Amino acid sequence: MRITTYDEFQKSLQETLSKMGEGYVVAMLSDRFAVRRIGQELPEGEVLFRKALEIRAFNRMEETRWFRGDLGTQAFYCRTIRDDGLDLGKDSTEYWDETHYLDIDEQKSDPSLGIAVSTGGGRYELPLEKYGDVKVRIRNYLVYEEDACQLGIADWRLVDFEEEERGEDNA
(Lines give C-alpha, C1' and ligand atoms only; values in the text may rest on other atoms or scores of the structure.)
Protein backbone atom coordinates (compact mmCIF):
# COMPACT_ATOMS: atom_id res chain seq x y z
CA MET A 1 0.00 0.00 0.00
CA ARG A 2 1.25 3.50 -0.83
CA ILE A 3 0.56 6.30 1.66
CA THR A 4 1.01 9.87 0.43
CA THR A 5 -0.76 12.16 2.94
CA TYR A 6 -0.46 12.78 6.65
CA ASP A 7 -4.13 11.84 7.18
CA GLU A 8 -3.64 8.47 5.42
CA PHE A 9 -0.53 7.85 7.52
CA GLN A 10 -2.25 8.70 10.82
CA LYS A 11 -5.25 6.52 9.98
CA SER A 12 -3.06 3.56 9.02
CA LEU A 13 -0.87 3.91 12.12
CA GLN A 14 -3.77 4.30 14.58
CA GLU A 15 -5.79 1.42 13.08
CA THR A 16 -2.75 -0.86 13.22
CA LEU A 17 -1.84 0.01 16.81
CA SER A 18 -5.41 -0.37 18.09
CA LYS A 19 -5.80 -3.76 16.35
CA MET A 20 -2.44 -5.02 17.60
CA GLY A 21 -3.14 -4.04 21.20
CA GLU A 22 0.25 -5.00 22.61
CA GLY A 23 3.79 -5.14 21.33
CA TYR A 24 6.31 -2.50 20.29
CA VAL A 25 6.86 0.32 17.85
CA VAL A 26 10.36 0.90 16.48
CA ALA A 27 10.76 4.28 14.78
CA MET A 28 13.87 5.13 12.78
CA LEU A 29 13.75 8.88 12.27
CA SER A 30 16.27 11.15 10.58
CA ASP A 31 17.39 12.47 13.98
CA ARG A 32 16.81 9.59 16.42
CA PHE A 33 15.95 5.96 17.02
CA ALA A 34 13.05 5.24 19.38
CA VAL A 35 11.43 2.08 20.72
CA ARG A 36 8.11 2.31 22.53
CA ARG A 37 5.55 -0.14 23.80
CA ILE A 38 2.26 0.03 21.95
CA GLY A 39 0.12 2.34 24.08
CA GLN A 40 3.03 4.58 25.10
CA GLU A 41 3.11 8.03 23.58
CA LEU A 42 4.87 8.12 20.22
CA PRO A 43 6.71 11.09 18.77
CA GLU A 44 4.07 13.57 17.57
CA GLY A 45 2.33 12.40 14.38
CA GLU A 46 3.55 15.23 12.16
CA VAL A 47 7.12 14.59 13.33
CA LEU A 48 6.80 10.89 12.48
CA PHE A 49 5.37 11.71 9.07
CA ARG A 50 8.10 14.26 8.26
CA LYS A 51 11.16 12.54 9.77
CA ALA A 52 10.58 8.77 9.71
CA LEU A 53 12.38 6.57 7.25
CA GLU A 54 10.96 3.37 8.74
CA ILE A 55 8.46 2.46 11.43
CA ARG A 56 7.74 -1.09 12.57
CA ALA A 57 4.81 -1.99 14.84
CA PHE A 58 5.05 -5.60 15.93
CA ASN A 59 4.16 -8.32 18.40
CA ARG A 60 4.72 -12.07 18.46
CA MET A 61 2.14 -12.73 15.73
CA GLU A 62 2.45 -9.83 13.26
CA GLU A 63 4.29 -6.76 12.06
CA THR A 64 3.26 -3.73 10.03
CA ARG A 65 6.07 -1.76 8.44
CA TRP A 66 5.93 1.77 6.98
CA PHE A 67 9.02 2.69 4.99
CA ARG A 68 10.43 5.01 2.37
CA GLY A 69 13.78 5.45 0.66
CA ASP A 70 14.31 9.10 1.56
CA LEU A 71 12.55 11.99 3.25
CA GLY A 72 12.13 13.90 0.01
CA THR A 73 9.66 11.40 -1.47
CA GLN A 74 7.17 11.84 1.41
CA ALA A 75 5.28 8.71 0.27
CA PHE A 76 5.40 5.71 2.58
CA TYR A 77 4.93 2.14 1.52
CA CYS A 78 3.24 -0.16 3.98
CA ARG A 79 3.15 -3.93 4.35
CA THR A 80 1.82 -6.28 7.00
CA ILE A 81 3.01 -9.80 7.78
CA ARG A 82 0.87 -12.08 9.97
CA ASP A 83 1.90 -15.49 11.17
CA ASP A 84 -1.67 -16.84 10.99
CA GLY A 85 -1.46 -20.40 9.75
CA LEU A 86 2.34 -20.44 9.86
CA ASP A 87 3.73 -23.68 11.24
CA LEU A 88 5.63 -22.35 14.27
CA GLY A 89 7.43 -25.66 14.82
CA LYS A 90 11.19 -25.78 15.22
CA ASP A 91 11.91 -27.59 11.93
CA SER A 92 10.05 -25.30 9.56
CA THR A 93 10.98 -24.56 5.96
CA GLU A 94 8.65 -21.54 6.04
CA TYR A 95 10.73 -19.35 8.36
CA TRP A 96 13.93 -19.14 10.37
CA ASP A 97 14.24 -17.23 13.65
CA GLU A 98 17.44 -15.65 14.85
CA THR A 99 18.31 -13.49 17.85
CA HIS A 100 20.79 -10.63 18.13
CA TYR A 101 22.11 -9.01 21.30
CA LEU A 102 21.45 -5.28 21.56
CA ASP A 103 24.50 -3.06 22.02
CA ILE A 104 23.95 -1.80 25.57
CA ASP A 105 26.49 -0.50 28.08
CA GLU A 106 24.70 -1.50 31.28
CA GLN A 107 26.84 0.79 33.45
CA LYS A 108 25.82 3.92 31.52
CA SER A 109 22.21 2.94 30.69
CA ASP A 110 19.17 3.58 32.86
CA PRO A 111 16.14 1.31 32.33
CA SER A 112 14.10 3.41 34.78
CA LEU A 113 14.40 6.33 32.33
CA GLY A 114 13.97 4.11 29.26
CA ILE A 115 17.36 5.16 27.87
CA ALA A 116 19.95 2.70 26.60
CA VAL A 117 23.51 3.80 25.90
CA SER A 118 25.54 1.77 23.41
CA THR A 119 29.14 0.78 24.02
CA GLY A 120 30.12 3.45 21.47
CA GLY A 121 28.20 6.15 23.37
CA GLY A 122 25.05 6.44 21.24
CA ARG A 123 21.74 6.80 23.10
CA TYR A 124 18.36 5.35 22.18
CA GLU A 125 14.97 4.89 23.79
CA LEU A 126 14.25 1.33 24.96
CA PRO A 127 11.19 0.62 27.17
CA LEU A 128 12.36 -2.57 28.89
CA GLU A 129 12.62 -3.17 32.62
CA LYS A 130 16.13 -4.67 32.46
CA TYR A 131 18.97 -4.17 30.03
CA GLY A 132 21.10 -7.22 30.86
CA ASP A 133 21.68 -9.51 27.87
CA VAL A 134 18.73 -8.15 25.86
CA LYS A 135 18.21 -9.64 22.41
CA VAL A 136 15.82 -8.94 19.56
CA ARG A 137 14.15 -11.89 17.83
CA ILE A 138 13.98 -11.60 14.05
CA ARG A 139 11.87 -13.89 11.85
CA ASN A 140 13.13 -14.53 8.33
CA TYR A 141 10.49 -15.79 5.88
CA LEU A 142 11.89 -18.38 3.50
CA VAL A 143 11.15 -19.03 -0.14
CA TYR A 144 12.53 -21.73 -2.41
CA GLU A 145 14.47 -20.15 -5.27
CA GLU A 146 14.04 -22.39 -8.31
CA ASP A 147 16.98 -20.98 -10.29
CA ALA A 148 19.42 -21.40 -7.38
CA CYS A 149 17.84 -24.64 -6.06
CA GLN A 150 18.01 -23.34 -2.49
CA LEU A 151 16.05 -21.51 0.18
CA GLY A 152 16.32 -17.73 0.30
CA ILE A 153 14.91 -14.99 2.53
CA ALA A 154 11.84 -13.33 0.98
CA ASP A 155 11.22 -10.90 3.87
CA TRP A 156 11.89 -10.50 7.59
CA ARG A 157 10.29 -8.90 10.61
CA LEU A 158 10.83 -8.07 14.26
CA VAL A 159 9.09 -10.48 16.64
CA ASP A 160 9.99 -9.57 20.23
CA PHE A 161 12.64 -8.45 22.68
CA GLU A 162 14.02 -11.13 25.01
CA GLU A 163 16.32 -11.17 27.99
CA GLU A 164 18.62 -14.13 28.29
CA GLU A 165 18.26 -15.88 31.62
CA ARG A 166 21.39 -15.45 33.69
CA GLY A 167 22.39 -18.59 35.52
CA GLU A 168 24.95 -18.89 38.27
CA ASP A 169 27.73 -19.43 35.70
CA ASN A 170 27.09 -16.19 33.77
CA ALA A 171 25.67 -13.88 36.45
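What you are looking at is a predicted structure, and each value in this text was computed from that prediction instead of being measured.
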Taking atom OH of Tyr6 and atom CZ of Arg50, what is their separation to the nearest 0.5 Å? 9.5 Å
Is there side-chain contact between Glu63 and Thr80, with heavy atoms separated by less than 4.5 Å? no
For residues Gly120 and Asp103, report the shortest heavy-atom separation together with the two atoms involved. N-OD2, 4.4 Å
Between Val117 and Phe33, is there a shared hydrophobic cluster once you connect ILVMFWY residues whose side-chain heavy atoms come closer than 4.5 Å? no
For the residue pair Gln14 / Ser18, report whether a side-chain donor-acceptor contact shorter than 3.5 Å exists. no
Assess the residue pair Leu13 and Thr64 against the criterion (side chain to side chain contact (heavy atoms under 4.5 Å, CB included)); give the C-alpha distance rounded to whole Å, side-chain angles, the decisive distance to 0.1 Å, and a yes or no. CA-CA 9 Å; Leu13 182 65; Thr64 297; over 6 Å; no
Side chain to side chain contact (heavy atoms under 4.5 Å, CB included) for Glu125 and Arg36? Distances and angles first, verdict last. CA-CA 7 Å; Glu125 300 168 31; Arg36 306 277 170 83; 2.4 Å; yes
Consider only side-chain heavy atoms of I, L, V, M, F, W and Y, link residues closer than 4.5 Å, and tell whether Met28 and Phe58 are in one cluster. yes
Within the 4.5 Å heavy-atom criterion, are Met1 and Arg79 side-chain neighbours or not? no
Within a radius of less than 6.0 Å around CZ of Arg123, do more than 12 heavy atoms belonging to other residues, nucleotides or ligands occur? no
Of the non-hydrogen atoms in Tyr131 and Ser109, which two are nearest, and what is the gap between them? CD1-CB, 3.5 Å
Once rounded to the nearest 0.5 Å, what's the spacing between atom CG of Asn140 and atom CH2 of Trp96? 5.5 Å
Test question: given the 4.5 Å side-chain rule for I, L, V, M, F, W and Y, name all other residues clustered with Tyr77, or answer none. Phe67
Result of checking Arg37, Arg56, Gln40 against Tyr24 for side chain to side chain donor-acceptor pair (under 3.5 Å): Arg37
Do the side chains of Phe161 and Val159 get nearer than 4.5 Å, heavy atoms only? no
Go through the steps to decide whether Asp110 and Ser112 satisfy the test side-chain hydrogen bond (donor to acceptor under 3.5 Å, both in side chains), and finish with yes or no. CA-CA 5 Å; Asp110 190 346; Ser112 67; 2.5 Å; yes
Test: Asp83 and Arg60 ion pair at under 4.0 Å: no
Pair Arg137 + Asp160, salt bridge at N-O below 4.0 Å: no
Between Leu17 and Ile38, what is the shortest heavy-atom contact and its length? O-CG2, 3.8 Å
Does the side chain of Met61 come within less than 4.5 Å of Arg82's, by heavy atoms? no
Closest approach of Tyr141 to Arg157 (non-hydrogen atoms, all atoms of both residues): OH-NE, 2.8 Å
Do Pro111 and Leu128 come within less than 4.5 Å of each other through their side chains, counting heavy atoms only? no
Over all heavy atoms of both residues, which pair between Tyr124 and Leu102 is shortest? Give the atoms and the distance, please. OH-CB, 3.9 Å
Name the orientation class of the two ring planes belonging to Phe9 and Trp66 (parallel below 30°, tilted from 30 to 60°, perpendicular beyond 60°). perpendicular
Rounding to 0.5 Å, atoms CG (Asp97) and CZ (Arg139) come to a distance of 4.0 Å
Pair Ile55-Val25, side chain to side chain contact (heavy atoms under 4.5 Å, CB included): steps then yes or no: CA-CA 7 Å; Ile55 301 165; Val25 176; 3.8 Å; yes
Would Leu29 and Leu53 satisfy side chain to side chain contact (heavy atoms under 4.5 Å, CB included), going step by step from the backbone distance to the final call? CA-CA 6 Å; Leu29 286 72; Leu53 290 168; over 6 Å; no
Which pairs with one or both residues in residues 21-30 pass salt bridge (Lys or Arg N to Asp or Glu O under 4.0 Å), sequence neighbours excluded? none
Contact summary for Val35 and Pro127, nearest pair of heavy atoms: O-CD, 3.0 Å
Leu142 side chain near Ile153 side chain, heavy-atom distance below 4.5 Å: yes
For the pair Thr4 and Glu8, evaluate side-chain hydrogen bond (donor to acceptor under 3.5 Å, both in side chains) and give the outcome as yes or no after the intermediate values. CA-CA 7 Å; Thr4 58; Glu8 290 173 330; 3.2 Å; yes
Do Ile138 and Thr99 have side chains that approach each other closer than 4.5 Å (heavy atoms only, starting at C-beta)? no
So, do Leu126 and Ile104 sit near enough that their side-chain heavy atoms are less than 4.5 Å apart? yes
